[in-house]
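Heads up, the thing below is written out as structure tokens.
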2 protein chains.
Amino acid sequence: MTDQSQPSTTRRGFLKAGLATGGAIAAGGAAQAAQEPDPLITEIQPWAQGLGDGVDATPYGLPIEYESDVIRRNVEWLTADTISSINFTPIHALDGTITPQGCAFERHHSGAIELRKEDYRLMINGLVDRPLIFTYADLERFPRENRVYFCECAANSGMEWAGAQLNGAQFTHGMIHNMEYSGVPLRTLLEEAGVKPEGKWVYVEGADASSNGRSIPLEKAMDDVLVAFKANGEALRKEHGYPVRLVVPGWEGNMWVKWLRRVEVTTQAIESREETSKYTDTLADGTSRKWTWVMDAKSVITSPSPQSPVTHGPGPLVITGLAWSGRGAITRVDVSIDGGKTWQIARLAQEGQDKALSRFYLDINWDGSEMFLQSRAIDSTGYVQPTKTQLREVRGLNSIYHNNGIQTWWVNANGEAENVEIS
Amino acid sequence: MTDQSQPSTTRRGFLKAGLATGGAIAAGGAAQAAQEPDPLITEIQPWAQGLGDGVDATPYGLPIEYESDVIRRNVEWLTADTISSINFTPIHALDGTITPQGCAFERHHSGAIELRKEDYRLMINGLVDRPLIFTYADLERFPRENRVYFCECAANSGMEWAGAQLNGAQFTHGMIHNMEYSGVPLRTLLEEAGVKPEGKWVYVEGADASSNGRSIPLEKAMDDVLVAFKANGEALRKEHGYPVRLVVPGWEGNMWVKWLRRVEVTTQAIESREETSKYTDTLADGTSRKWTWVMDAKSVITSPSPQSPVTHGPGPLVITGLAWSGRGAITRVDVSIDGGKTWQIARLAQEGQDKALSRFYLDINWDGSEMFLQSRAIDSTGYVQPTKTQLREVRGLNSIYHNNGIQTWWVNANGEAENVEIS
């Protein structure tokens with residue numbers, strides 16, 4: 001009854017190869033049991049001798065204490081104050097594609113506020129037939145959509161423009177999360193208000209002190225933008241804009257306005273602080289690019305990585321990471337273990353989804369020598385993730401935002417990993 | 001630039017109809033702003049006057065205090081002790097399809113134990129060429145898969161066999177959750193051990209005191225069963241089997257052994273307590289069905305429902321719920337507002353996924369009169385969810401498990417909902 005299908009046969013061959021050269025995996029455990037009894041197997045395990053927690057112990061549960069290092073972390077020197085700052089998703093310790101809200105990165109411009117549903121109002125004004133004010137209860141009466149999207153801060157990997165700096169995928173690439181959102185299409189609310197023919201943009205702002213106002217072309221606002229109130233099934237967390245945030249699929253996270261308060265239909269962009277002095281890209285000649293909304297295709301190996309070293313010797317090793325594109329779905333990810341000299345096509349855990357994270361794996365038989373690990377994402381438009389050298393040729397070294405260059409982790413023979421650049 | 005596509009036009013018409021008859025939605029707010037100034041709009045909102053929490057406030061976040069009622073709940077009279085008991089997912093308050101681990105139901109037979117990764121061992125023995133013992137670190141070296149699956153307790157809706165009893169979707173249908181799992185196919189580990197030709201079943205058991213042993217046909221074990229260590233991206237929670245549980249897609253939750261300790265390959269089923277005196281179905285004539293592993297197609301309206309009443313008058317109303325099938329994907333959900341006399345095809349938020357929850361919506365213009373809400377799931381095999389009457393004709397009234405009959409909520413003119421049965 002053994003499964004003789006092609007994938008399994010291949011996989012079995014791979015593992016046998018690993019055992020033959022490595023000898024550490026599984027067979028090691030069996031040999032141990034045969035030769036010197038493992039006290040964890042031969043004696044009664046303490047956790048099997050008594051009773052555990054009842055079902056009334058944790059009405060809302062948290063991770064087990066042993067996972068207390070899998071948390072958001074901020075970098076103290078990065079900003080003057082934690083109120084206008086960022087923390088990072090522990091992507092080095094996660095698998096799959098969904099990001100739990102509890103450890104999904106935060107970016108605030110004036111801190112995370114507390115706003116009750118009862119106090120919530122959303123105004124649509126400007127170039128509309130009927131200015132409208134919605135309560136939270138009003139929003140719940142409109143037809144809803146559900147969709148998984150990634151949210152990436154435009155500044156993700158922004159400290160790496162001048163060279164490898166931060167030692168960990170959490171810090172170099174952790175300004176990203178991926179959740180299933182439930183909400184009302186912004187299009188539905190705009191149609192309810194009636195957009196006048198001269199309306200070509202919307203200006204969206206939040207209820208926090210920063211207001212974080214951004215301009216969005218009407219075409220995008222009428223396309224896939226959601227006025228979202230749930231993420232991964234439950235209410236948005238306070239730090240992600242409870243009770244209502246904007247979801248702007250594929251576009252930079254700064255536009256995903258939290259605690260959404262107002263949508264004004266305008267003829268032109270407002271050219272606010274957040275889209276002029278910030279969230280524009282200074283080029284080599286000192287001029288700036290603006291309206292760089294889309295997050296281009298990007299990927300990163302999450303393990304092995306500096307915070308997730310290889311803890312075993314040669315033999316079977318799982319290389320895994322994340323890939324995404326603001327222009328569509330990921331269609332392919334290539335992985336190199338020799339710094340880009342040769343590439344292998346990684347296995348996508350699922351078919352790529354539009355503007356959502358993809359998980360990739362490359363299962364190798366590690367020979368124990370040093371590796372220069374890289375990944376390269378390709379999306380449904382045919383766009384190929386560039387090298388950092390290619391990016392710098394076009395953009396110079398003065399940018400902060402939109403660094404989607406290929407990341408390199410150097411893994412030494414001890415399995416330790418380090419953020420490096422190779423020319 | 002207004003979107004003139006067919007779906008939007010339809011939606012707009014729907015909302016206009018709602019405004020015309022109901023007058024409450026959105027226009028109510030606008031009228032209020034025009035006639036008597038809303039202090040929340042015209043005065044400076046307190047949350048916009050100061051600063052919120054910094055990014056170091058919650059390294060691992062919890063829901064905001066205002067959502068403190070969205071929690072797992074148990075029913076005290078249901079079991080003698082909370083150690084061997086169940087709690088229920090608050091499905092009435094969730095949207096989308098992903099269940100956050102923090103509020104995903106638990107079922108324990110001897111409580112939730114604490115087992116460190118370092119202490120974890122998985123033995124594969126019995127009819128294999130090489131008995132093996134895996135550490136947690138060993139498991140991490142095998143090729144992984146990621147997949148979203150629902151897990152439903154066989155006893156979900158089990159208290160309803162004799163008639164409507166529990167007043168809330170959380171209690172009648174909340175022994176279910178839906179997560180994205182990352183793990184190693186059990187097939188891979190069995191192939192590593194080498195299943196002997198006479199091996200036809202596996203017996204799986206957990207490391208807790210109950211051990212909760214179950215027999216699984218080898219064909220299923222070699223198909224889609226996962227040895228999982230992550231759910232929704234992060235480590236399993238203690239209450240869901242940290243660090244390793246079995247995922248048996250589409251089959252009853254009792255087989256999804258937590259704290260997985262041992263897989264024994266056997267010639268026959270073990271006929272353990274959990275598959276003889278429990279988890280079999282007593283029929284009308286006193287005999288019992290066994291090996292009823294698959295969870296048949298089922299659905300429930302989560303809102304409106306007793307814990308999620310309609311809080312507004314006539315006009316636009318979102319009816320939403322969940323549907324699933326252990327035999328494949330959901331292809332259609334029908335909704336009735338008149339107790340099954342007439343049916344409308346609900347909108348699926350996404351194309352149905354194999355053995356995973358589907359979210360459905362029906363957007364109606366409520367006339368304010370009482371409704372008898374029902375939903376009926378149809379899966380990719382063509383199976384149609386039966387009525388409770390149809391189920392009882394075949395099964396009698398003595399069962400506990402596998403009640404997938406159509407649920408009815410009576411919604412009165414005040415919007416309050418109640419669990420009822422209609423003949």
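Naming: A, B, ... by sequence-line order, numbering from 1 per chain.
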For this session: Working to the nearest 0.5 Å, report the span between CH2 of Trp47(B) and CG of Leu115(A).
Result: 5.0 Å
Exercise. Where the side chain of Arg187(B) meets the backbone of Val184(B), is there a donor-acceptor pair that is under 3.5 Å apart?
Worked result: no
Problem set entry | Contact leader toward chain B among Asp223(A), Asp56(A), Asn146(A), where contacts are heavy-atom pairs under 4.5 Å | Asn146(A)
Problem set entry | Check: Thr82(A) main-chain N/O paired with Thr79(A) side-chain donor or acceptor under 3.5 Å | no
Problem set entry | Structural part of Tyr361(A) lying under 4.5 Å from a heavy atom of chain B | side chain
Exercise. In terms of ring plane angle, is the pair Phe105(A) and His177(A) parallel, tilted or perpendicular, where the classes change at 30° and 60°?
Worked result: tilted
Seminar exercise, completed: Greatest number of non-hydrogen atom pairs under 4.5 angstrom with chain B, of Asp95(A), Ile71(A), Ile98(A), Asn87(A), falls to Asp95(A)
Seminar exercise, completed: Counting heavy-atom pairs under 4.5 angstrom with chain B, the leader among Asp81(A), Thr97(A), Asn74(A) is Thr97(A)
Seminar exercise, completed: Honestly, the part of Arg261(A) sitting under 4.5 Å from a heavy atom of chain B is side chain
Exercise. Considering only heavy atoms from C-beta outward, does the side chain of Glu192(B) approach that of Phe142(B) to under 4.5 Å?
Worked result: yes
Problem set entry | Ala207(B), part contacting chain A, at a heavy-atom distance under 4.5 Å | both
Problem set entry | Polar side-chain atom of Arg347(B) near backbone of Arg144(A) as donor-acceptor pair, under 3.5 Å | yes
Exercise. Using a cut-off of under 4.5 Å for heavy-atom pairs, which of Gln101(B), Arg73(B), Arg147(B), His108(B) has the most such pairs with chain A?
Worked result: Arg147(B)
Exercise. Would you call the rings of His312(B) and Trp366(B) parallel, tilted or perpendicular, where under 30° means parallel and over 60° means perpendicular?
Worked result: perpendicular
Exercise. For the candidates Gly52(B), Pro243(B), Gly111(B), which exhibits the highest count of non-hydrogen atom pairs separated by less than 4.5 Å from chain A?
Worked result: Gly52(B)
Exercise. Backbone N or O of Ala104(B) within a donor-acceptor pair of the His240(B) side chain at under 3.5 Å?
Worked result: yes
Exercise. Does the Arg141(B) side chain pair with the main chain of Ala137(B), one donor and one acceptor, at a distance under 3.5 Å?
Worked result: no
Exercise. What part of Glu234(A) gets closer than 4.5 Å to chain B, counting heavy atoms only: side chain, backbone, both or neither?
Worked result: both
Problem set entry | Thr89(A): side-chain hydrogen bond (donor to acceptor under 3.5 Å, both in side chains) partners, not counting sequence neighbours | none
Exercise. What option among Leu62(A), Thr311(A), Thr99(A) has the most heavy-atom pairs under 4.5 Å with chain B?
Worked result: Leu62(A)
Seminar exercise, completed: Answer key: most heavy-atom pairs under 4.5 Å with chain A among Glu239(B), Arg72(B), Lys230(B), Glu65(B) is Arg72(B)
Problem set entry | Between Gly206(A), Gly61(A), Gly102(A), Pro90(A), the one whose heavy-atom pairs under 4.5 Å with chain B are most numerous | Gly102(A)
Seminar exercise, completed: chain A shares the most heavy-atom pairs under 4.5 Å, among Val70(B), Ile86(B), Asp208(B), Leu189(B), with Ile86(B)
Problem set entry | Which portion of Ser68(B) sits near chain A, non-hydrogen atoms under 4.5 angstrom | neither
Problem set entry | Contacting moiety of Ser84(A), where chain B heavy atoms sit under 4.5 Å | neither
For this session: Please look at Glu114(A) and chain B and tell me whether the side chain, the backbone, both or neither of the residue comes under 4.5 angstrom of a heavy atom of that chain.
Result: both
Seminar exercise, completed: Applying a strict 4.5 Å limit to non-hydrogen atoms, the region of Arg116(A) in contact with chain B is both
For this session: Compute whether any side-chain donor of one residue and acceptor of the other, for Tyr60(B) and Glu67(A), lie under 3.5 angstrom apart.
Result: no
For this session: Using non-hydrogen atoms and a 4.5 Å limit, figure out which bit of Asn232(A) sits close to chain B: side chain, backbone, both or neither.
Result: both
Seminar exercise, completed: Greatest number of non-hydrogen atom pairs under 4.5 angstrom with chain B, of Pro59(A), Ala209(A), Ser182(A), falls to Pro59(A)
Seminar exercise, completed: In terms of heavy-atom contacts, Gly194(A) and Arg130(A) come closest through N-NH2, 4.2 Å
Exercise. Considering only heavy atoms, which portion of Glu106(A) lies under 4.5 Å from any heavy atom of chain B: side chain, backbone, both, or neither?
Worked result: both
